[in-house]
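Reviewing the structure listed below.
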Amino acid sequence: LRGEVIEVSSGINAEYGACVDDIEDLASTVGDAPAKRVPRKRIIPKKFSTQLKHESPVAESVIPGTQSVFVKTWGCSHNNSDSEYMAGLLATYGYKITDDAMSADLWLLNSCTVKTPSEDGLRNSITSAHKLGKKVVIAGCVSQGAPDTKFIEGLSVVGVQQIDRVVEVVEETFKGHSVRLFGQKKEGTKKIGGASLHLPKIRKNPLIEIIAINTGCLNQCTYCKTKHARGELGSYPIADIVERGAQSFAEGVREVWMTSEDTGAYGRDIGVTLPELLYEFVKIIPEGCMLRLGMTNPPYILDYLEDMAVILSHPRVYSFLHVPVQAASDAVLEDMKREYTRAEFCRVVDFLRERVPGITIATDIICGFPTESEEDFQETLDLIEKYKFPSLFINQFFPRPGTPAARMKKIPADKVKLRTKKASQIFQKQFPYTHKLGEVQRILVTEVATDNKHYVGHNKFYDQVLVPKIEGYMGQSLTVKITETGKHYLRGEVIEEGEIQNIPSTYSNPNKVTFSESATNMVQNIKSKTNIWNFLLVLVVGVMFQMLYILYRNHR
């Protein structure tokens, strides 16, 4: 692998780390029993410590693949997808994936670098793991973007584009070594999307498949550190994404989320566009299933507004789009290097609201960016008042080390908190669902509510609709009448149940592994080949009988 950096050393440092969930948070898990062991690749270290200290094993057995692993994820849905792949690979090799952190032999911590609280969370988890005597492997954007961070010193690390090699890193960690795999996946000198989309996977929610369509981005926002970790844009081919989606639906998935650091930028590095991908993808979405698009920044969606309106109106695509504005002042947007203006953001929202009636536009704002004046912030408040976004993510500015914004003079913390409070107060006074009381809607049920008393379904506009937790509803399409509306939810009374679908057995067995190239496809191929041989056999026998008949007649 060209450009790959591999470090191997031993011992574990006693300092530790952490991370926090972000807007694209949501996760998944699934599968079918592995047909064969995943082939392992040899680690060829470029750096090797001259003194290897071997620690005593933490488990009774040192046979590879016999220990248990706890996987914890912070951040976006892309991170969640990476965790699902890593869990699938480890389970395929024989490791037990467990939700019980206390009983696990090793903690695999997939980190997020978007916000300071996220990094703090990682640090705290590392501290806890060491106090409990657990082995630790770090993955995600913190270790990739800042591998020299003090609190991960001496720990094993899996780079964001090396998740397909997590088994090797875990194995070496159990042996007492510290292994670090970095580097980019490339074809020649060109960066590609990352690890294959056809890896085995354990979905956290067996009804939801998360597909990362690209990694990295084209922007270089002054406050963001994600670019340091995910790098430049790298897109997966359309055929690979469509194949992964078709396979997921065949395995019983009801909902696919397309995710990346910026879905709108998809394909610009490989000569295709997001609408081209979506027009192909909607062809393979079965009746009763849905597609949800992930976050897109305004500059790239502006080029495809007509196409996006058509796609978001498709009956099997949620009329939902997450378009972060971050600030409504052109001066602040320029200092952030966001590459669009307030007017351009408004054009996106106005156009889509006109062409896709009822569409849900979610957005984000940052309060207290260093160059934001009171007048600048008032423009952001005016934008919130104008559009009354049903979903708004309000964030305080956090200076991320190594970013240009971290070197700017900060606004006093009390002022930042006051601005955050003002924005929150305006948002909390808005009730976007009141007019939907009494409506009859079709929803797809895919989740359990946090109160564990309701199921959560989503209507065409991706509004959250609560229904009774009744056996048989999960994974189904239901017709409901809205009987209550709240700030963040609707409550529905079921008036018609959809046709019963086959729900994947993994809903009750979340550690089951699913393969992109499933046994189903293999059986179909075998059947297809068998049919061909049967046809040839019949043809040959027919010809032989014809020849015998001719010989018989000639003999007479």
Side-chain angles (χ1 to χ4, degrees), residues 19-30 71-88 108-115 118 121-122 139-142 144 160-161 163 193-195 197 199 201-217 224 226-227 229-230 233-236 240-241 244-245 248-249 253-266 274 277-278 281 289-297 301 317-318 320-324 360-364 391 393 395 444 446-448 450 456 458 462 464 510 514:
C19 258
V20 168
D21 299 337
D22 199 22
I23 20 195
E24 292 287 304
D25 271 60
L26 289 152
S28 341
T29 339
V30 176
V71 182
K72 183 174 176 61
T73 310
W74 293 268
C76 65
S77 52
H78 193 164
N79 254 22
N80 279 293
S81 180
D82 286 351
S83 289
E84 292 175 2
Y85 279 126
M86 289 189 286
L108 173 57
L109 306 176
N110 194 0
S111 61
C112 168
T113 191
V114 171
K115 302 174 186 177
S118 300
L122 175 64
C141 294
V142 170
Q144 181 74 43
V160 294
Q161 286 210 317
I163 61 171
L197 294 179
L199 297 174
K201 170 180 273 200
I202 293 181
R203 301 185 184 101
K204 185 174 181 181
N205 184 333
L207 298 174
I208 298 175
E209 167 72 4
I210 306 173
I211 303 178
I213 62 175
N214 56 268
T215 187
C217 63
C224 183
T226 304
K227 184 72 169 275
R230 296 283 181 178
L233 182 67
S235 302
Y236 287 97
D240 287 3
I241 298 168
R244 180 74 203 188
S248 299
F249 289 126
V253 161
R254 293 288 175 263
E255 194 170 285
V256 166
W257 298 352
M258 282 190 183
T259 186
S260 74
E261 284 64 58
D262 187 348
T263 57
Y266 170 79
L274 178 63
L277 165 63
L278 296 176
F281 198 89
C289 297
M290 297 295 288
L291 168 66
R292 192 196 82 170
L293 297 181
M295 185 272 287
T296 176
N297 283 309
I301 206 69
V317 179
Y318 286 119
F320 167 88
L321 200 60
H322 177 197
V323 188
T360 296
I361 302 289
T363 196
D364 309 12
S391 184
F393 303 96
N395 305 290
L444 177 62
T446 56
E447 301 172 72
V448 179
T450 53
V456 178
H458 294 93
Y462 206 67
Q464 181 173 263
T514 182

Would you check if the distance from the ring center of H458 to the ring center of F320 is below 6.0 Å? no
Side-chain contact, heavy-atom cut-off 4.5 Å: N297 with P324? yes
For the residue pair L108 and A139, what are the closest heavy atoms and their distance? CD1-CB, 4.3 Å
Given side-chain contact (heavy atoms from CB on, under 4.5 Å), test M290 with Y462 step by step and report yes or no. CA-CA 10 Å; M290 297 295 288; Y462 206 67; over 6 Å; no
On the 0 to 90° scale, with breaks at 30° and 60°, tag the H322-F393 ring pair as parallel, tilted or perpendicular. tilted
Below 4.5 Å, heavy atoms only, C-beta onward: do Y85 and L197 meet side chain to side chain? yes
Looking at side-chain heavy atoms only, is the closest gap between M258 and L277 below 4.5 Å? yes
Are side-chain heavy atoms of E209 and R244 found at a separation under 4.5 Å? yes
With the side chain counted from C-beta on, respond yes when D262 and T296 share a heavy-atom pair under 4.5 Å apart, and no when they do not. yes
Which residues share a side chain to side chain donor-acceptor pair (under 3.5 Å) with S81, sequence neighbours left out: K201
Quick check against the 3.5 Å criterion: does N110 have a side-chain atom that pairs as donor or acceptor with the backbone of N79? yes
Determine the minimum heavy-atom distance between I213 and S260, stating which atoms define it. CG1-CB, 4.3 Å
What is the distance from atom NE2 of H78 to atom OG1 of T263, rounded to the nearest 0.5 Å? 12.5 Å
Does E261 have any salt bridge (charged side-chain N to carboxylate O under 4.0 Å, His left out) partners at least two apart in sequence or in another chain, and if so, which? R230
So do the side chains of N80 and W257 get within less than 4.5 Å of each other, counting heavy atoms only? no
Between T259 and S77, the two heavy atoms sitting closest are OG1-OG, 2.7 Å
Looking only at heavy atoms, what is the nearest atom pair of I241 and F281, with distance? O-CE1, 3.7 Å
Heavy atoms only: give me the nearest T73-S83 pair and the separation to one decimal. OG1-OG, 2.6 Å
Heavy-atom side-chain contact between I202 and V71 under 4.5 Å: no
Evaluate side-chain contact (heavy atoms from CB on, under 4.5 Å) for L444 paired with L207, printing each intermediate quantity in order. CA-CA 10 Å; L444 177 62; L207 298 174; over 6 Å; no
Give the minimum heavy-atom separation between C289 and F249, together with the two atoms involved. CB-CE2, 3.6 Å
Taking the side chain as everything from C-beta on, heavy atoms only, tell me whether Y236 gets closer than 4.5 Å to I211. no
